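This report concerns only the one structure given below.
Since we're looking at a predicted model, the values are computed, not measured.
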Amino acid sequence: MNDTRSADASPWRRTLAAATDVADELREDGWDVTTVRAGHVAPESPEHGDSDRYGLVYVAPDSTEEPFRDAFEPGAFDAYEVFRRRDGSDLYLLTRVLDHDRRVAVVLVGAVNLTHAESLRTTVAETGEMYSHVQLLDGTHLGTFEHDDPSLFFGGGE
């Protein structure tokens with residue numbers, strides 16, 4: 001079996017391996033961790049759809065619904081950290097969101113095609129805010145995380 005952590009592994013496999021490491025470290029430190037490995041991440045700008053919602057939409061597998069609903073409490077998550085790796089027009093993201101009071105963590109993992117993200121990048125640069133939305137394939141919204149530093153996602157001049 002190939003080691004997914006090796007330098008020759010695909011960026012997606014390395015991102016998944018990093019997510020596993022992050023989740024394992026948190027669990028070892030006593031955190032309750034839910035990992036969302038998105039099958040698709042879509043950059044959504046306010047012009048898209050029927051609302052002015054914007055951010056990254058993580059489309060989660062149905063198996064994520066119950067653990068995510070158990071972990072998610074709107075407004076309770078007080079810290080986050082973003083790890084990113086770019087490969088051409090693909091941006092691989094791992095976002096660790098923490099609720100220190102409850103010792104609950106959500107790890108969001110996904111990849112975004114930046115050729116479809118320009119409108120979102122413009123919006124978050126103007127507003128200074130970024131959102132991560134988690135939903136199921138059928139469109140059921142599970143929760144939203146707010147981030148106050150969009151540069152952590154897209155960088156300054158990428």
* Does Asp148 reach the side chain of Tyr80, with side-chain heavy atoms less than 4.5 Å apart? -> yes
* **Expected output: side-chain Arg96 to main-chain Ala23 donor-acceptor under 3.5 Å** => no
* Asked: Judged by atom type as modelled, is there a donor-acceptor pair below 3.5 Å linking the side chain of Arg102 to the main-chain atoms of Ala71?
  -> yes
* May I ask you to decide if Arg14's main-chain N or O and Tyr92's side chain share a donor-acceptor pair within less than 3.5 Å? => no
* Asked: For Asp90 and Trp12, what are the C-alpha separation, side-chain angles and deciding distance, and is it a side-chain contact (heavy atoms from CB on, under 4.5 Å)?
  -> CA-CA 10 Å; Asp90 294 321; Trp12 179 239; over 6 Å; no
* Closest heavy-atom pair and its distance - His100, Ala79 -> CE1-CB, 3.7 Å
* Any idea which heavy atoms bring Pro43 and Val41 closest together, and the distance? -> CD-O, 3.9 Å
* Structure fact -> Here the pair of heavy atoms bringing Leu108 nearest to Ser132 is CD1-CB, 3.7 Å
* Asked: For the side chain of Thr140 and the backbone of Leu136, is there at least one donor-acceptor N/O pair under 3.5 Å apart?
  -> no
* To do: Apply the salt bridge (charged side-chain N to carboxylate O under 4.0 Å, His left out) test between Arg69 and each candidate in Glu73, Glu66, Glu65; give the one that qualifies.
  => Glu65
* Do Phe77 and Val36 share a hydrophobic cluster, counting only Ile, Leu, Val, Met, Phe, Trp and Tyr and linking them when any side-chain heavy atoms are less than 4.5 Å apart? -> yes
* Is the backbone of Gly88 close enough, under 3.5 Å, to the side chain of Arg86 for a donor and an acceptor to pair up by distance? -> yes
* Asked: Can Thr95 and Phe145 be said to form a side-chain contact (heavy atoms from CB on, under 4.5 Å), step by step?
  -> CA-CA 10 Å; Thr95 305; Phe145 299 100; over 6 Å; no
* To do: Check the pair His116, Ser119 against side-chain hydrogen bond (donor to acceptor under 3.5 Å, both in side chains), reporting the backbone distance first and the verdict last.
  => CA-CA 8 Å; His116 304 291; Ser119 182; over 6 Å; no
* According to a 4.5 Å side-chain heavy-atom criterion applied to Ile, Leu, Val, Met, Phe, Trp and Tyr, with indirect links allowed, do Phe154 and Val82 form part of one hydrophobic cluster? -> yes
* Are side-chain heavy atoms of Thr123 and Thr127 found at a separation under 4.5 Å? -> yes
* Asked: Phe83, Val33: one ILVMFWY side-chain cluster at the under-4.5 Å cut-off?
  -> yes
* Quick one: sort the Phe153 and His147 rings into parallel, tilted or perpendicular, breaks at 30° and 60°. => tilted
* **Rounded distance (nearest 0.5 Å) linking atom CZ of Arg37 with atom CG of Leu16** => 5.5 Å
* Is any side-chain heavy atom of Leu93 closer than 4.5 Å to a side-chain heavy atom of Val109? -> no
* With side chains defined as the heavy atoms from C-beta onward, is the minimum distance between Glu81 and Leu98 less than 4.5 Å? -> no
* **Whether Thr64 side chain and Ala60 backbone form a donor-acceptor pair below 3.5 Å** => no
* Any side-chain heavy atom of Val106 within less than 4.5 Å of one from Phe72? -> no
* Taking all heavy atoms of Ser89 and all of Thr115, pick out the closest pair and write down the distance. => CB-CG2, 3.7 Å
* Give a yes or no on whether Leu152 and Tyr58 share a hydrophobic cluster (residues Ile, Leu, Val, Met, Phe, Trp, Tyr; joining criterion: side-chain heavy atoms under 4.5 Å apart). => yes
* Taking the side chain as C-beta and beyond, is there a heavy-atom pair between Gln135 and Leu142 under 4.5 Å? -> no
* **Pair Tyr131 and Tyr54, ring centroids less than 6.0 Å apart** => yes
* Rounded to the nearest 0.5 Å, what separation is found between the CD atom of Glu44 and the NE2 atom of His133? -> 6.0 Å
* Would you please test Leu94 and Val107 for side-chain contact (heavy atoms from CB on, under 4.5 Å) and show each step? => CA-CA 7 Å; Leu94 186 162; Val107 178; 4.0 Å; yes
* So, Ser45 versus Arg53: side-chain donor-acceptor pair below 3.5 Å or not? -> no
* Compare all side-chain heavy atoms of Met130 with those of Leu56 and state whether any distance is below 4.5 angstrom. => yes
* Asked: For Leu91 and Asn113, what are the C-alpha separation, side-chain angles and deciding distance, and is it a side-chain contact (heavy atoms from CB on, under 4.5 Å)?
  -> CA-CA 6 Å; Leu91 180 64; Asn113 184 325; over 6 Å; no
* Determine yes or no for a side-chain-to-main-chain donor-acceptor pair under 3.5 angstrom, with Asp99 supplying the side chain and Ala105 the backbone. => no
* Asked: How many angstroms lie between atom CG of Leu114 and atom CG of Asp87, to the nearest 0.5 angstrom?
  -> 11.0 Å
* Are Val112 and Val59 connected in the hydrophobic side-chain network, where two residues link if heavy atoms are under 4.5 Å apart? -> no
